[in-house]
Amino acid sequence: MPDPLHDWTLSPEESIELQRRLAPRVERRDRLDDNAVNVLAGVDIGFEDEGETTRAAVVLLAWPDLEPIEEIVHREPTRIPYIPGLLSFREIPAALGAFEQLSRRPDLVMVDGQGIAHPRRLGVASHLGLWLDLPTIGIAKKRLCGRHGEVPDVRGEWAWLTDRRRKEDPEDVQLDAEGRVIIGAMLRSRQGVKPVIVSPGHRISQATALQWVIACLGRTKLPEPTRLADRLASRRGRRFRDPGSQDTLGLDDGSQTLK
DNA sequence: GCGACAG
DNA sequence: ATCTTGTCGC
């Protein structure tokens with residue numbers, strides 16, 4: 001009998017069932033030593049060939065200077081289509097392929113997507129955190145579920161993202177004044193730009209997740225870890241690499257250690 | 001029953 | 001996510 005965590009070929013119904021079993025395992029309290037954080041990671045997934053190829057990018061950054069120290073790009077055939085709520089089953093296999101090639105494990109991981117701000121509280125950041133057994137934070141550009149009030153158009157301002165209580169919510173979940181479950185925060189990472197959604201993935205609290213993302217903000221909408229991974233995983237990033245040699249194209253495993 | 005719907 | 005040029009604004 002295969003470990004349920006290793007099965008990425010489930011039907012949508014089975015995937016949802018697996019999420020219900022895994023959600024309770026997600027730790028929502030801090031379990032990372034802030035003073036022992038030396039390496040951060042940013043993860044993002046992109047697609048090529050009309051979606052037939054999945055491209056995972058992972059960037060390691062030194063803390064606190066936020067300078068990239070290693071980056072990996074891993075490609076593999078896409079397994080399943082995109083289904084809202086089941087994103088992790090489509091993206092995690094490739095992400096794991098990239099993580100296997102890293103020379104070292106990061107202390108904290110930032111993922112492009114939701115953490116517990118998910119209908120079953122198991123967004124891609126939480127799912128990946130469980131798999132890697134590492135603290136993770138989800139940084140999404142769009143909302144999957146929940147509601148929120150207005151967020152002042154001032155960098156650093158934020159507002160809670162809340163949702164109605166669900167069966168999979170722990171007894172001790174954080175509730176707002178109206179008794180709604182706090183699943184994340186809408187953070188104005190940059191003035192004049194739509195807020196990003198910050199939600200705990202695994203082994204981290206709402207407050208600490210927000211604190212780390214704010215600490216990694218530059219002048220752009222996305223925090224450095226995710227911004228760099230995004231650039232690596234997106235098609236746009238390809239335009240910026242070696243205009244020269246063509247004979248090595250396709251032979252490169254995509255990995256490289258930066259100086 | 002009618003919308004909403006991460007990447 | 002991806003297909004895609006120029007263009008408005010700090």
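All values reported here derive from a predicted model rather than from experimental measurement. Chain letters run A, B, ... following the sequence lines, proteins first, then strands; residues in each count from 1.
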Determine the contact category for [X]: base if any of its heavy atoms lies under 4.0 Å from a base atom, sugar-phosphate if only primed atoms, P, OP1 or OP2 are that close, otherwise nothing.
{"X": "A:G138", "answer": "nothing"}
{"X": "A:G123", "answer": "base"}
{"X": "A:E91", "answer": "sugar-phosphate"}
{"X": "A:I139", "answer": "nothing"}

Next on the checklist: Apply side chain to side chain donor-acceptor pair (under 3.5 Å) to residues A:Q211 and A:T208 and explain how you reach the verdict.
Outcome noted: CA-CA 5 Å; A:Q211 170 220 300; A:T208 305; 4.9 Å; no
I need the [atom1]-[atom2] distance between [X] and [N], as an integer number of Å.
{"X": "A:E50", "N": "C:dC3", "atom1": "CD", "atom2": "P", "value": "10 Å"}
{"X": "A:M186", "N": "B:dA6", "atom1": "CE", "atom2": "P", "value": "13 Å"}
{"X": "A:Q191", "N": "C:dC10", "atom1": "CD", "atom2": "C1'", "value": "10 Å"}
{"X": "A:L86", "N": "B:dA4", "atom1": "CG", "atom2": "C1'", "value": "15 Å"}
{"X": "A:R147", "N": "B:dG3", "atom1": "CZ", "atom2": "P", "value": "20 Å"}
{"X": "A:K142", "N": "C:dT2", "atom1": "NZ", "atom2": "C1'", "value": "12 Å"}
{"X": "A:R75", "N": "C:dA1", "atom1": "CZ", "atom2": "P", "value": "16 Å"}
{"X": "A:I197", "N": "B:dG7", "atom1": "CD1", "atom2": "P", "value": "8 Å"}

Report task. Using a cut-off of strictly less than 4.0 Å, decide whether A:K141 has a side-chain nitrogen or oxygen near OP1 or OP2 of B:dG7. Result ->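 For A:K141, the contact criterion (side-chain N or O under 4.0 Å from OP1 or OP2 of B:dG7) is met.
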Under 4.0 Å between a side-chain N/O of A:R155 and OP1 or OP2 of C:dC10, yes or no?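 For C:dC10, OP1/OP2 do not have a side-chain N/O of A:R155 under 4.0 Å.
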Self-check item: A:R155 versus A:Q191, side-chain donor and acceptor atoms under 3.5 Å
Solution: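 Judged by distance alone, the side chains do not pair up.
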* Asked: Would you say the side-chain atoms of A:T53 and A:D49 include a donor-acceptor pair closer than 3.5 Å?
  ->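 A donor-acceptor contact under 3.5 Å links the two side chains.
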* Is the distance between the ring centroids of A:F99 and A:H74 under 6.0 Å? ->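 Aromatic pair excluded; centres sit 6.0 Å or further apart.
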| With centres under 5.5 Å and planes under 30°, do A:Y82 and B:dG7 count as stacked? |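 Ring-base stacking flag set for A:Y82 and B:dG7.
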Tell me whether A:R165 at atom CZ has more than 12 heavy atoms from other residues, nucleotides or ligands lying less than 6.0 Å away.
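Yes, the 6.0 Å shell around CZ holds more than 12 heavy atoms from other groups.
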Could you work out which one of C:dA1, B:dC5, C:dT2 sits closest to the side chain of A:R143?
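Nucleotide nearest to A:R143's side chain: B:dC5.
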